[in-house]
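Read through the structure below, which is laid out as structure tokens, and then see the notes.
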Amino acid sequence: MGDFEDLKAAIEAEFPGWLVWRSDAGRWYATRSGDLTDAQLQAGHAMTVAADDAAGLRDLLIDQARRNGGHG
């Protein structure tokens, strides 16, 4: 697996509009760079998602993209 910066760049390129970071404890996070409407929040869209690793974070972002009706 590549280093954090490479993985971060790959995820952010695949999912525009998300900013990725990793906590001091090693947990991976992504936060939207824009706001969500109340309707989007009620439909299950998240402002921030968190996972134990890059693969888990990508899976969560794929789920969020599906809620948008597409990938990314």
Side-chain angles (χ1 to χ4, degrees):
M1 201 175 327
D3 69 5
F4 170 72
E5 289 301 324
D6 290 340
L7 290 169
K8 174 186 184 304
I11 293 170
E12 288 179 344
E14 186 175 358
F15 300 95
W18 290 90
L19 304 174
V20 175
W21 80 95
R22 192 172 55 188
S23 71
D24 291 341
R27 193 149 167 85
W28 286 70
Y29 293 86
T31 298
R32 291 181 191 270
S33 58
D35 293 327
L36 293 174
T37 65
D38 287 340
Q40 288 172 313
L41 290 168
Q42 290 172 2
H45 295 262
M47 279 301 299
T48 300
V49 294
D52 292 331
D53 54 29
L57 186 67
R58 187 176 177 280
D59 288 344
L60 292 171
L61 292 173
I62 288 170
D63 177 65
Q64 288 294 302
R66 285 184 182 133
R67 292 173 191 276
N68 288 338
H71 193 163

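All of these numbers come straight from a predicted model, not from anything done at the bench.
- Annotation: the span from Arg58 atom CZ to Asp63 atom CG amounts to 12.5 Å, rounded to 0.5 Å.
- Arg32 contributes atom CZ, which lies 8.5 Å from atom CG of Leu61 (distance to the nearest 0.5 angstrom).
- In plain terms, the two heavy atoms of Tyr29 and Ser23 that are nearest each other are CE1-CB, 3.8 Å.
- Applying the side-chain contact (heavy atoms from CB on, under 4.5 Å) criterion to Gln42, with sequence neighbours excluded, gives no partner residue.
- In this structure, CH2 on Trp18 lies 8.5 Å from CG on Leu57, to the nearest 0.5 angstrom.
- Put simply, the side chain of Thr48 never gets that close to the backbone of Thr31: no donor and acceptor are under 3.5 Å apart.
- Interatomic distance, CG of Leu41 versus CG of Asp35, reported as 9.5 Å (0.5 Å rounding).
- Closest approach of Ala51 to Gly56, counting heavy atoms only: CB-C, 3.4 Å.
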Might you work through the side chain to side chain contact (heavy atoms under 4.5 Å, CB included) test for Val20 and Phe15, ending with a clear yes or no?
CA-CA 10 Å; Val20 175; Phe15 300 95; over 6 Å; no
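- The line from CH2 of Trp28 to CD1 of Ile11 is 5.0 Å long, rounded to the nearest 0.5 Å.
- Rounding to the nearest 0.5 Å places CG of Leu36 at 8.0 Å from CD of Gln64.
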